[in-house]
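Structure, as structure tokens:
As a basis for the values below, the full set of heavy atoms in this structure was taken, side chains included, without hydrogen atoms, waters or symmetry mates. A note on names: the letters A, B, ... follow the listed sequences, proteins ahead of strands, and every chain is numbered from 1.
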2 protein chains.
Amino acid sequence: MAKKTYNIGVEATLDVISGKWKPQLLCHLSVRPQRTCDLRQELPEISQKVLTQQLRELMDDGIVQRQVYGDRAPFKVVYTLTTMGRSLGTVLVQMSIWGEHHVDELRESGVSDVRVQNDHAGFEHLLQAN
Amino acid sequence: MAKKTYNIGVEATLDVISGKWKPQLLCHLSVRPQRTCDLRQELPEISQKVLTQQLRELMDDGIVQRQVYGDRAPFKVVYTLTTMGRSLGTVLVQMSIWGEHHVDELRESGVSDVRVQNDHAGFEHLLQAN
DNA sequence: CAGAATCCTTCATGATACTG
DNA sequence: CAGTATCATGAAGGATTCTG
């Protein structure tokens with residue numbers, strides 16, 4: 001059984017959502033449950049291996065649930081957010097808003113040229129539901 | 001000038017606060033401005049090099065400000081949160097609370113043995129001020 | 001369709017020694 | 001006191017191939 005001690009809660013949260021593709025995965029899953037092939041289509045650049053890896057980690061953290069349909073290949077595998085996963089909604093929306101704001105500040109003050117493509121609306125499905 | 005594009009705001013925020021020591025640094029700086037030697041004392045395990053590195057990154061992101069006192073060695077260097085840094089308060093507190101809750105759930109359900117040493121009160125200085 | 005197995009590259013962090 | 005410079009290492013992510 002995994003054993004770990006964090007200094008502060010932020011670190012625990014970071015451990016869950018940090019990962020190159022996790023924010024995007026969570027965003028897509030917040031809209032609706034998704035099959036593996038759906039996710040691969042929405043994130044064409046992710047490799048098979050890493051997709052499985054990041055989903056496994058989210059499962060181990062109780063954020064995502066995996067369901068298999070079919071008794072032999074080809075299988076249908078669906079990933080769904082758990083209640084715990086949906087409870088991330090507020091945090092994700094707040095982080096998105098702050099991030100968008102921060103990026104605007106940096107660009108407007110000429111410090112760096114950074115942008116955010118999609119706004120926090122992607123997560124807002126999570127706000128009323130839970 | 002640095003150029004970067006994020007898919008969603010969460011990623012921008014993660015880029016700012018992800019780093020092995022950044023949450024703790026932000027926590028200590030949220031209490032009051034700190035000298036380099038103060039930070040080294042509160043985080044005895046951080047190496048000189050990494051401390052400077054993480055502070056530089058926070059400065060580049062406009063989160064922390066650096067002030068030097070004295071015209072020759074030994075210098076006195078003080079790090080302070082900027083307005084932008086203090087605006088992280090709400091996000092950090094929410095992330096901490098969610099992280100504490102999540103860790104409790106995992107432990108209570110027997111999935112893993114994880115803990116959080118200090119609670120989110122460490123950041124609460126930031127909530128009223130800004 | 002989903003995923004396991006291998007091998008490889010890159011980057012964050014760390015240990016150590018040195019300087020104004 | 002604060003910081004730079006080097007070198008080392010481990011983990012995350014990626015490319016490719018194979019299987020039920």
Side-chain angles (χ1 to χ4, degrees), chain A residues 2-4 6-7 10-11 13-26 28-29 33-61 63-80, chain B residues 2-4 6-7 10-11 13-26 28-29 33-61 63-80:
Chain A
K3 214 165 194 167
K4 184 147 192 177
Y6 299 102
N7 298 287
V10 192
E11 295 170 350
T13 304
L14 284 173
D15 231 23
V16 172
I17 62 179
S18 288
K20 183 162 178 186
W21 305 92
K22 285 184 189 174
Q24 290 183 79
L25 285 172
L26 292 173
H28 291 303
L29 289 171
Q34 306 266 1
R35 294 188 56 177
T36 309
C37 53
D38 296 334
L39 293 171
R40 298 210 61 179
Q41 206 163 16
E42 301 192 274
L43 304 174
E45 312 237 276
I46 194 174
S47 76
Q48 175 63 256
K49 178 197 144 196
V50 176
L51 174 59
T52 314
Q53 241 177 35
Q54 308 241 320
L55 287 169
R56 287 270 184 281
E57 290 171 10
L58 290 171
M59 287 169 57
D60 292 344
D61 284 324
I63 303 300
V64 159
Q65 193 185 357
R66 178 176 184 268
Q67 285 156 318
V68 187
Y69 298 96
D71 55 343
R72 64 181 172 286
F75 297 103
K76 174 179 174 182
V77 178
V78 178
Y79 293 93
T80 315
Chain B
K3 213 166 198 169
K4 184 146 193 177
Y6 299 101
N7 298 287
V10 192
E11 295 170 350
T13 304
L14 283 173
D15 230 25
V16 172
I17 63 179
S18 287
K20 183 163 177 183
W21 305 93
K22 283 183 190 174
Q24 291 183 78
L25 285 172
L26 293 172
H28 291 302
L29 290 170
Q34 305 267 1
R35 294 188 56 175
T36 308
C37 52
D38 296 333
L39 293 171
R40 297 210 61 180
Q41 206 162 16
E42 300 192 276
L43 304 174
E45 312 237 275
I46 195 174
S47 75
Q48 174 63 259
K49 179 197 145 198
V50 176
L51 174 59
T52 314
Q53 241 176 35
Q54 309 240 322
L55 287 168
R56 287 269 184 282
E57 291 171 10
L58 289 171
M59 287 169 57
D60 293 343
D61 284 324
I63 304 300
V64 159
Q65 192 186 358
R66 178 177 185 267
Q67 286 157 315
V68 187
Y69 298 97
D71 55 344
R72 63 180 173 287
F75 298 103
K76 174 179 174 180
V77 178
V78 178
Y79 293 93
T80 315

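Atom CD of B:Q48 is separated from atom P of C:dC18 by 16 Å (rounded to the nearest Å). Atom pair A:L14:CG and C:dA12:P shows a separation of 15 Å (rounding to whole Å applied). Between the CG atom of A:L51 and the P atom of D:dA12 there is a distance of 17 Å, given to the nearest Å. Distance, B:Y69 OH to D:dA2 C1': 15 Å, rounded to whole Å. Between A:D38 atom CG and C:dA2 atom C1' the separation is 13 Å, expressed in whole Å. In this structure, the CD1 atom of A:I46 is 10 Å from the C1' atom of D:dG14, given to the nearest Å. To the nearest angstrom, C1' of C:dA4 lies 11 Å from CD of A:Q53. Between the CD atom of A:Q54 and the C1' atom of C:dA2 there is a distance of 17 Å, rounded to whole Å.
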Would A:L55 and A:R66 count as a side chain to side chain contact (heavy atoms under 4.5 Å, CB included) here? Give the steps. CA-CA 9 Å; A:L55 287 169; A:R66 178 176 184 268; over 6 Å; no

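Of the candidate nucleotides D:dG14, C:dA4, D:dG3, D:dG3 has the atom nearest to the side chain of B:R66. Proximity note for A:K49 (side chain, C-beta onward) versus D:dA5, C:dT6, C:dG3: the nearest is C:dT6. The nucleotide whose nearest atom lies closest to any side-chain atom of A:A73 is, among C:dA4, D:dA2, D:dG20, D:dG20. Of the candidates C:dG14, C:dA2, D:dG14, the closest approach to any side-chain atom of B:W21 belongs to C:dG14.
In this structure, CG on A:L25 lies 5.5 Å from CG on A:L43, to the nearest 0.5 angstrom.
Within the 4.0 Å cut-off from OP1 or OP2 of C:dG3, at least one side-chain nitrogen or oxygen of A:T36 is found. Contact check, B:Y79 against D:dG3: a side-chain N or O comes under 4.0 Å of OP1 or OP2.
DNA chain D is contacted by both B:T52 and A:K20; B:T52 maps to the nucleotide lying nearer its 5′ end (nearest heavy atom per residue).
Formation of a donor-acceptor pair under 3.5 Å by the B:E42 side chain with backbone atoms of B:H28 is not found in this model. Using modelled atom types, one side-chain atom of B:Q54 and one backbone atom of B:W21 make a donor-acceptor pair closer than 3.5 Å.
More than 12 heavy atoms of other residues, nucleotides or ligands shown are found within 6.0 angstrom of CD on A:Q67.
Counting any heavy atom pair closer than 4.0 Å across all strands shown, A:R40 reaches no nucleic acid atom. Residue contacts shown for B:R35 are limited to sugar-phosphate atoms, with no base heavy atom under 4.0 Å away. Residue A:G19 is classed as a sugar-phosphate contact, given heavy-atom separations below 4.0 Å to backbone atoms only.
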